[in-house]
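Step one of this worksheet: look at the structure below.
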Amino acid sequence: MPYMYRTRGVCSSLIEIELDGNVVKSAAIRGGCDGNGKGVASLVVGMTVEEVQKKLSGITCGFRSTSCPDQLAKAVTEAYKASAVKA
């Protein structure tokens, strides 16, 4: 079941994540730059939560202290924590 993450401080508004254990099964970034969102989301499919965190955490966008990739890393982390609570 997809996990919905409300973004903060970026143009996109929502990130949908589906995990299989600690591996990203699907990802979608809603709002913001359509092509970039689709591209970044497709790149993380098949990666582990740890790989996504390592590659995307801390990326900024212009003057902002975050970015859609950084928010995606946060979304994946939250989705993983939420799935661990349910298990």
For residues 33-40, tabulate all N or O donor-acceptor pairs below 3.5 Å that involve a side-chain atom, not counting sequence neighbours.
unit_1, atom_1, unit_2, atom_2, d
Asp34, OD2, Lys38, NZ, 3.1

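- By the criterion of side-chain heavy atoms lying less than 4.5 angstrom apart, applied directly or through intervening Ile, Leu, Val, Met, Phe, Trp or Tyr residues, Tyr80 is grouped together with Met47 in one hydrophobic cluster.
- In this structure a side-chain-to-backbone donor-acceptor pair under 3.5 Å is present from Thr7 to Ser12.
- Each salt bridge (Lys or Arg N to Asp or Glu O under 4.0 Å) pair with one or both residues in residues 57-69, not counting sequence neighbours, would appear here, but there are none.
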Expected list for residues 16-29: side-chain donor-acceptor pairs under 3.5 angstrom, two or more places apart:
unit_1, atom_1, unit_2, atom_2, d
Glu16, OE2, Arg30, NE, 2.9
Glu16, OE2, Arg30, NH2, 3.4
Asn22, ND2, Glu50, OE1, 3.2

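- Judged as a side chain to side chain donor-acceptor pair (under 3.5 Å), the pairs with a partner in residues 53-63 (not counting sequence neighbours) are, in order, Gln53-Thr77.
- The distance from the OH atom of Tyr5 to the CD atom of Gln71 is 4.0 Å, given to the nearest 0.5 Å.
- Leu56 has its side chain out of reach of Val76: every pair of non-hydrogen atoms, C-beta onward, lies at least 4.5 Å apart.
- Of all the heavy atoms in Gly58 and Asp70, the pair that sits closest is N-OD1, 2.7 Å.
- The shortest non-hydrogen separation linking Tyr3 to Ala82 is CE1-CB, 3.8 Å.
- With Ser67 contributing its side chain and Ile59 its backbone, the two residues share a donor-acceptor pair below 3.5 Å.
- When every heavy atom of Val52 is checked against every heavy atom of Ala73, the shortest pair comes out as CG1-CA, 3.9 Å.
- Grouped by direct or indirect side-chain proximity (heavy atoms under 4.5 Å, Ile/Leu/Val/Met/Phe/Trp/Tyr only), Leu14 sits with Met4.
- Within the structure, salt bridge (Lys or Arg N to Asp or Glu O under 4.0 Å) contacts touching residues 5-15 (residues at least two apart or in different chains) do not occur.
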